[in-house]
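See below for the structure under consideration.
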Amino acid sequence: MSSESSKKRKPKVIRSDGAPAEGKRNRSDTEQEGKYYSEEAEVDLRDPGRDYELYKYTCQELQRLMAEIQDLKSRGGKDVAIEIEERRIQSCVHFMTLKKLNRLAHIRLKKGRDQTHEAKQKVDAYHLQLQNLLYEVMHLQKEITKCLEFKSKHEEIDLVSLEEFYKEAPPDISKAEVTMGDPHQQTLARLDWELEQRKRLAEKYRECLSNKEKILKEIEVKKEYLSSLQPRLNSIMQASLPVQEYLFMPFDQAHKQYETARHLPPPLYVLFVQATAYGQACAHMKSSQPPRQDKTLSVAIEGSVDEAKALFKPPEDSQDDESDSDAEEEQTTRRRPTLGVQLDDKRKEMLKRHPLSVMLDLKCKDDSVLHLTFYYLMNLNIMTVKAKVTTAMELITPISAGDLLSPDSVLSCLYPGDHGKKTPNPANQYQFDKVGILTLSDYVLELGHPYLWVQKLGGLHFPKEQPQQTVIADHSLSASHMETTMKLLKTRVQSRLALHKQFASLEHGIVPVTSDCQYLFPAKVVSRLVKWVTVAHEDYMELHFTKDIVDAGLAGDTNLYYMALIERGTAKLQAAVVLNPGYSSIPPVFQLCLNWKGEKTNSNDDNIRAMEGEVNVCYKELCGPWPSHQLLTNQLQRLCVLLDVYLETESHDDSVEGPKEFPQEKMCLRLFRGPSRMKPFKYNHPQGFFSHR
Amino acid sequence: MERAVPLAVPLGQTEVFQALQRLHMTIFSQSVSPCGKFLAAGNNYGQIAIFSLSSALSSEAKEESKKPVVTFQVLHFSLAHDGPVYSMVSTDRHLLSAGDGEVKAWLWAEMLKKGCKELWRRQPPYRTSLEVPEINALLLVPKENSLILAGGDCQLHTMDLETGTFTRVLRGHTDYIHCLALRERSPEVLSGGEDGAVRLWDLRTAKEVQTIEVYKHEECSRPHNGRWIGCLATDSDWMVCGGGPALTLWHLRSSTPTTIFPIRAPQKHVTFYQDLILSAGQGRCVNQWQLSGELKAQVPGSSPGLLSLSLNQQPAAPECKVLTAAGNSCRVDVFTNLGYRAFSLSF
């Protein structure tokens with residue numbers, strides 16, 4: 001190792017030595033040129049191992065010579081100089097050899113380097129080639145996957161099924177023998193067939209289009225013809241008007257009404273259609289007579305059609321509203337936009353009626369008419385009704401009959417419990433909460449009553465169990481309720497009118513008994529009705545002898561309450577009467593209190609209780625001929641008879657002096673009967689005696 | 001007095017009629033079944049309802065168990081209308097009911113199975129009259145297996161329950177008979193009537209043995225109420241009766257009034273119970289008296305007037321030992337002990 005390192009160092013030394021001594025060695029350089037080339041070739045010939053041996057040897061010789069020179073010098077002498085010279089020459093030769101070896105080593109090194117470089121370059125080239133090839137492979141693989149993933153458009157095309165294809169396609173397209181085995185060819189063939197078919201269909205489509213064009217043109221022509229017909233028809237209609245009037249055939253009027261009806265909101269429209277239909281059906285049923293002008297049911301539409309039309313243009317509508325409210329505000333300049341006023345406006349808006357309303361006039365037999373006006377509250381989706389009764393003759397209104405025909409109560413409880421003070425639409429309550437309306441009943445007088453039957457006539461049904469999102473007017477519902485309701489309305493008006501008449505005479509102390517009910521009572525009735533007044537519900541509830549009725553739930557606030565006083569001598573019989581709005585199908589209920597020898601009511605006298613039972617429970621025999629409008633008066637007359645019986649059969653107290661106050665005039669089989677010592681209250685008509693029930 | 005106003009329920013025609021019918025109902029008679037678990041009640045519309053005392057008294061009683069198990073109409077073929085059921089008694093198998101003119105028998109076992117068909121009917125031999133006389137009182141005489149009927153024709157009829165024939169007629173009353181009572185030791189029957197007399201009959205001879213005209217005794221006479229005797233009960237030598245005259249305890253052998261009970265309202269039912277006398281009548285209360293005439297208790301019921309009391313002492317059903325009271329309402333009040341009204345059975 002040390003020798004090698006020295007070998008390496010040596011050329012450097014030589015070079016550093018050589019550079020400054022260039023001029024001195026110029027000649028030798030040219031000489032060396034020639035040698036260099038020979039040396040280069042020489043290198044290949046010489047064995048490096050032997051060179052190494054030579055090197056080692058030369059170095060040893062040099063060391064030996066140096067040592068000898070040293071030795072000689074140290075000894076000194078004259079003859080020594082020659083020997084030193086000799087030895088120096090020998091060492092110079094050795095130096096030459098060393099130099100030669102050094103050069104050779106340099107050349108060898110260079111050669112080795114060159115060889116390494118060459119080899120490295122070769123490896124680099126190979127590596128590059130490998131890289132290229134790898135890249136190529138990758139690219140090709142990518143191409144392959146791309147190809148594999150390629151989606152052909154034909155896959156999206158919905159082809160006819162295989163069987164169908166072979167069945168329908170012509171053989172020159174299907175080429176069964178080729179395509180059967182080769183799915184590619186098969187697909188191609190199928191695509192061909194598809195193309196063929198599509199071409200055909202496109203052809204057909206074009207044909208159809210042209211056909212359509214043609215027909216459109218025809219329609220155009222016909223339309224033109226029709227529109228030209230309209231004015232002509234109009235003129236004919238105009239011309240026919242006088243004839244219609246002359247013949248009482250109001251086709252045109254009906255037509256106009258239907259035109260207006262188109263603007264009605266759905267529930268009112270349903271009502272209008274169903275009521276008209278019912279009216280016509282009624283007229284037909286009675287058409288054995290010639291058609292009369294006075295129908296029992298007439299239907300009309302009231303209100304402004306223009307306003308109704310305006311409702312159907314929503315954007316304008318809102319503007320209108322604003323301008324309307326502006327105008328209103330200008331009119332009432334005092335108005336300030338406080339919260340209360342805003343709420344008020346909101347309330348008004350909520351309770352707004354549709355501008356159109358339906359008028360129903362129901363004519364009864366005695367020429368009295370029930371006018372019903374049906375309204376539709378747009379925002380609440382309910383219908384209301386206002387009622388008015390007009391009679392043929394002017395009626396003298398008795399004081400106690402005040403409520404009988406009042407629009408507020410005349411239709412109350414047409415169906416049980418339907419008092420028309422609450423809104424039938426459950427959704428309304430939430431709407432009310434928003435604007436601070438407690439109940440609808442505060443507005444009923446102004447808006448009309450939202451009876452349940454009104455909703456039914458308008459086809460509105462609000463189920464209680466499952467609230468629906470939207471309630472739609474339903475014709476069948478309206479139709480199913482129309483007849484019963486109309487009949488009920490008629491009965492209601494008639495019974496109210498009958499009561500109205502009866503009250504007039506009751507107030508004068510006369511109980512009117514018609515001839516066909518005369519058989520229910522004995523000829524002589526001594527007790528007299530002296531008072532007939534109306535009482536308030538609260539007052540009725542506070543009477544001490546009406547507790548049972550109140551407890552039984554028969555004293556609702558929809559009923560009408562009256563007080564009758566029947567007198568005979570010193571005996572005074574008070575009768576508190578509950579008149580159900582459903583009179584006369586639901587009987588009036590009497591509670592009695594007799595003031596005679598102390599106060600007697602049903603709680604302390606069984607016979608008073610029995611008298612109440614006679615009029616309340618056994619009312620059916622007092623109904624008289626249908627429709628039993630005489631029920632109330634018959635009950636009152638019966639009470640007079642019962643009082644007579646009660647007083648006349650009262651056991652006479654032997655200990656009291658003097659004659660009986662009420663001598664027994666009635667013929668009775670027995671005075672008392674049964675464990676509760678009932679009196680003979682039952683009147684037997686033809687024989688005229690009284691017996692026990 | 002403040003009273004709660006009940007919610008006004010909307011009523012239709014039939015509901016109103018039913019409410020009125022219930023309001024004017026009077027329950028005239030009651031009878032406990034031989035098993036002691038059921039109570040029959042008859043009303044003025046001629047309906048008999050069977051209530052189950054055992055289920056109404058059980059701990060898991062609901063509102064429905066206070067309603068009748070079965071209700072049926074007593075049809076009177078001889079009359080145009082349905083008369084009231086004035087009196088009922090139970091034998092060991094049958095329920096006997098009487099009202100207008102006839103006594104009818106029903107099998108308890110079948111009624112409880114809701115098969116309400118009458119077993120037989122009998123009409124006492126009446127003298128012809130415009131009106132069919134009613135039967136106000138029925139009395140069983142167990143010793144001779146017979147039934148005594150009394151009422152509108154002022155006579156007592158005895159009927160042999162074995163053969164169904166009427167065996168005796170006891171005449172003497174001048175007006176219709178309200179009530180009957182049996183003396184347990186001797187075969188004697190007491191009857192009280194509208195004529196104000198209590199008559200004592202010997203069944204062996206079919207003769208009247210004693211007459212007490214209560215209204216003639218100044219102590220108990222109340223002329224403004226009338227002279228009628230509405231109720232009667234007897235226990236050995238003692239007899240208690242009431243009605244128009246005051247409720248009075250009599251000693252029969254000496255026929256003298258011993259105690260006059262201080263109550264103004266006419267009494268419609270009276271009975272001995274242990275050492276007490278229970279009475280009811282006009283007014284809401286069941287009155288309990290000591291024999292000395294002291295009022296021990298007044299227990300209010302739900303009806304404004306009571307017509308009948310029934311003590312269920314059937315040994316077969318000790319758990320149903322109750323007092324029931326009925327009258328001028330559709331309710332039968334049930335008193336589990338004598339102290340207060342537990343609940344009401346209702347038609």
Side-chain angles (χ1 to χ4, degrees), chain A residues 413 415-419 541-542 544 547-559 580 582 585-587 589 597 601-606 609-610 612-614 616-620 650-656 669-678 680 682 684 687 689 691-693, chain B residues 1 3 5-13 15-17 19-26 28-29 44-45 81 83-84 86-87 99 129-131 133-134 136-137 151-152 175-176 178-179 194 221 223-228 230-231 244 265-266 268-269 282-284 304-305 307-308 327-329:
Chain A
C413 296
Y415 290 93
D418 191 6
H419 47 67
M541 305 277 276
E542 276 165 21
H544 62 282
K547 185 180 181 305
D548 290 341
I549 296 293
V550 177
D551 287 350
L554 294 172
D557 56 356
T558 50
N559 298 328
N580 195 292
S585 62
I586 299 175
V589 181
K597 296 185 181 173
T601 63
N602 63 18
S603 61
N604 62 13
D605 193 321
D606 288 348
R609 192 160 182 269
E612 288 174 0
E614 285 287 332
N616 290 343
V617 181
C618 309
Y619 70 91
K620 277 177 185 151
E650 193 60 18
S651 56
H652 186 59
D653 191 347
D654 295 328
S655 60
V656 181
L669 289 181
R670 272 168 65 185
L671 292 186
F672 297 102
R673 188 177 201 258
S676 46
R677 306 185 72 239
M678 286 297 136
K682 187 182 169 198
N684 296 278
Q687 298 89 0
F689 67 91
S691 66
H692 290 85
R693 190 171 287 280
Chain B
M1 196 177 86
R3 62 189 189 218
V5 179
L7 201 70
V9 196
L11 297 172
Q13 191 179 354
E15 286 98 330
V16 168
F17 182 66
L20 286 172
Q21 222 180 16
R22 282 166 59 84
L23 205 61
H24 291 95
M25 192 184 288
T26 303
F28 283 112
S29 52
N44 58 330
Y45 304 117
H81 59 87
Y86 284 135
S87 182
S129 154
L130 262 177
E131 199 183 34
E134 81 278 13
N136 285 327
D175 207 335
Y176 77 92
H178 274 287
C179 49
E194 185 72 16
S221 126
H224 57 279
N225 280 345
R227 42 172 84 157
W228 53 279
C231 55
K268 299 279 177 69
H269 194 106
Q282 200 61 257
R284 292 190 170 273
L307 287 173
S308 69
N328 290 340
S329 75

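Numbered from 1 within each chain, the chains take letters A, B, ... in sequence-line order.
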Can you tell me how far CG of A:Leu669 sits from CG of A:Asn684, rounded to the nearest 0.5 angstrom? 7.5 Å
Non-hydrogen atoms of chain B under 4.5 Å away: do they reach the side chain of A:Val617, the backbone, both or neither? both
In terms of heavy-atom proximity below 4.5 Å to chain A, should B:Ser308 be classed as side chain, backbone, both, or neither? neither
Heavy-atom contact with chain A under 4.5 Å, split by part of B:Leu307: side chain
Among the listed options A:Cys413, A:Pro587, A:Gly613, the residue most often paired with chain B at heavy-atom distances under 4.5 Å: A:Gly613
Structural part of A:Arg677 lying under 4.5 Å from a heavy atom of chain B: both
Do you know which of A:Ser691, A:Ser676, A:Gly582, A:Ala610 has the most heavy-atom pairs under 4.5 Å to chain B? A:Ser676
Determine, for A:Asp548 against A:Arg609, whether the closest basic-nitrogen to carboxylate-oxygen distance falls under 4.0 angstrom. no
Does the side chain of A:Phe672 reach to within under 4.5 Å of the side chain of B:His178, using non-hydrogen atoms? no
Main-chain N/O of B:Ala265 paired with B:Gln282 side-chain donor or acceptor, under 3.5 Å: no
Pairs of heavy atoms under 4.5 Å with chain A: top-ranked of B:Asn328, B:Leu20, B:Asn225: B:Asn328
Going through the distances and angles, do B:Lys268 and A:Asp606 end up as a side chain to side chain contact (heavy atoms under 4.5 Å, CB included)? CA-CA 12 Å; B:Lys268 299 279 177 69; A:Asp606 288 348; 3.2 Å; yes
Please confirm whether the backbone N or O of B:Phe28 pairs with a side-chain atom of B:Tyr86, one donor and one acceptor, at under 3.5 Å? no
At a 4.5 Å cut-off on heavy atoms, which part of B:Glu134 comes close to chain A: side chain, backbone, both, or neither? both
Under 4.5 Å from any heavy atom of chain B, what part of A:Tyr619 do you find: side chain, backbone, both or neither? side chain
Side chain of B:Tyr45, backbone of B:Gln21: donor and acceptor closer than 3.5 Å? yes
